Amino acid sequence: MPKLDIEQFPCLSDNYAVLIHDAEAGMTASIDAPDADAILERLAAKGWRLTHLLVTHHHGDHTGGNLKLKEATGCMVIGPNGEAERIPGIDQAVGEGDIIRFGHFDIRVLETPGHTLGHVAYWIPEAHAVFVGDTLFAMGSGRVFEGNAEMMWNSLKKIMELPPDTEIYCGHEYTAANAQFALTVDPDNVALQERAKEVGDLRAKGLPTLPTRLDRELETNPFLRADAPAIRAKLGLPFAPAWKVFAEIRQRKNKA
Ligand SMILES: [Fe+2]
């Protein structure tokens with residue numbers, strides 16, 4: 001079974017850069033390009049050659065390094081076809097169901113609109129990993145900038161249906177603030193209480209709280225638990241469609 005190395009490191013103010021590497025195939029991909037210099041430095045330190053850049057969405061803190069990385073490495077830039085004209089240096093546009101062959105691995109494209117209209121996630125079933133950009137965060141969700149709440153809820157549902165042992169790599173370290181907010185809408189959730197404490201300890205040591213795992217998110221992320229009776233009761237929405245409960249949680253978080 002070929003191995004996929006995954007290297008995550010912080011950059012900019014609260015972004016994460018992620019490199020994936022198939023040593024046997026000699027291929028490396030960067031998920032997004034928040035900071036070209038930081039990524040080039042890490043590639044040099046690992047002795048990896050960048051072959052692919054997989055872009056989740058057009059925001060500048062995910063694409064700012066595209067052109068510099070492409071120029072420095074000749075990597076192929078792949079991004080969402082829904083916003084291809086806003087992805088600098090794009091070579092290949094992809095959408096729902098597309099499969100990108102990467103060494104020994106197939107990377108599956110999931111369209112996850114809401115944060116932006118063309119946003120995509122990249123799922124590698126054989127590596128038990130998904131790269132979700134700004135759609136989902138640990139105990140949080142992305143802000144709904146271009147789409148609407150129902151659209152975002154459907155995107156989150158798509159991620160919720162992946163195998164529960166899937167490791168989730170997110171674009172930002174927002175976990176501590178998300179945990180504090182999560183406790184306001186799901187205060188009696190013991191798993192959440194424990195996790196909030198654990199996250200506080202990790203951040204106090206300057207350690208990352210990511211990647212997270214889908215089964216943990218299903219237990220502790222209030223945005224994924226919009227259909228849970230305890231959250232519905234807390235918000236006074238026992239019979240609303242789940243996406244409306246999600247919308248209410250999102251609105252509260254925007255104001256928090
Ligand atoms: Fe974003």
Side-chain angles (χ1 to χ4, degrees), residues 8-20 29-39 52-70 77-90 93-96 107 109-123 129-159 168-178 181 208-212 217 221-224 246-247 249-256:
Q8 172 193 266
F9 51 99
C11 58
L12 303 182
S13 58
D14 51 29
N15 280 76
Y16 279 114
V18 182
L19 297 171
I20 62 175
S30 179
I31 313 299
D32 289 328
D35 181 340
D37 291 333
I39 293 167
H52 297 70
L53 169 55
L54 305 173
V55 180
T56 60
H57 67 294
H58 68 79
H59 286 161
D61 61 322
H62 295 255
T63 58
N66 280 22
L67 295 179
K68 189 164 184 182
L69 281 182
K70 186 172 178 175
V77 181
I78 297 169
N81 59 26
E83 47 200 52
E85 70 290 344
R86 301 178 76 174
I87 309 295
I90 192 164
V94 292
E96 183 72 24
I107 302 175
V109 179
L110 309 172
E111 288 181 358
T112 56
H115 179 72
T116 65
L117 283 175
H119 196 295
V120 296
Y122 297 99
W123 175 38
V130 67
F131 305 89
V132 299
D134 288 356
T135 296
L136 173 67
F137 298 111
M139 291 177 275
S141 90
R143 278 180 183 260
V144 184
F145 284 127
E146 295 178 11
N148 58 48
E150 189 170 14
M151 184 189 281
M152 188 66 154
W153 172 246
N154 286 327
S155 294
L156 292 175
K157 276 208 314 202
K158 210 180 270 187
I159 295 168
I168 303 176
Y169 290 82
C170 314
H172 295 269
E173 176 65 61
Y174 291 156
T175 314
N178 285 345
F181 170 77
T209 63
L210 293 166
T212 179
E217 291 308 311
N221 187 326
F223 294 92
L224 303 189
F246 165 79
I249 301 170
R250 189 59 256 172
Q251 250 179 20
R252 289 185 182 212
K253 176 68 167 73
N254 292 348
K255 289 187 213 134

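Computed from a predicted model, the values in this text were never measured in an experiment. Start at 1 and go down the list; that is how both ligands and their atoms are numbered.
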Residues forming a ring-ring contact (aromatic ring centres under 6.0 Å, His included) with Phe145, sequence neighbours excluded:
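Partners of Phe145 under the ring-ring contact (aromatic ring centres under 6.0 Å, His included) test: His59, His115.
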
Residue list, ring-ring contact (aromatic ring centres under 6.0 Å, His included) with Tyr169, at least two apart or on another chain
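Per chain and number, Tyr169 pairs via ring-ring contact (aromatic ring centres under 6.0 Å, His included) with Phe131.
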
Flag, side chain of Tyr122 to backbone of Val55, donor-acceptor distance under 3.5 Å:
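Checked: pair present.
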
Counting distance only, does the side-chain N/O of Asp134 pair as donor-acceptor with the main-chain N or O of Gly142 below 3.5 Å?
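Checking the backbone N and O of Gly142 against the side chain of Asp134, no donor-acceptor pair under 3.5 Å is found.
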
Do Met139 and Tyr174 have side chains that approach each other closer than 4.5 Å (heavy atoms only, starting at C-beta)?
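Side-chain contact under 4.5 Å: no.
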
Proximal protein heteroatoms (N, O or S) of the Fe ion (ligand 1), under 2.8 Å:
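Listed by chain and number: His57 NE2, His59 ND1, His115 NE2, Asp134 OD2.
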
Residues in side-chain hydrogen bond (donor to acceptor under 3.5 Å, both in side chains) contact with Asp32, at least two apart in sequence or another chain
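So Asp32 forms a side-chain hydrogen bond (donor to acceptor under 3.5 Å, both in side chains) with Thr56, His62.
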
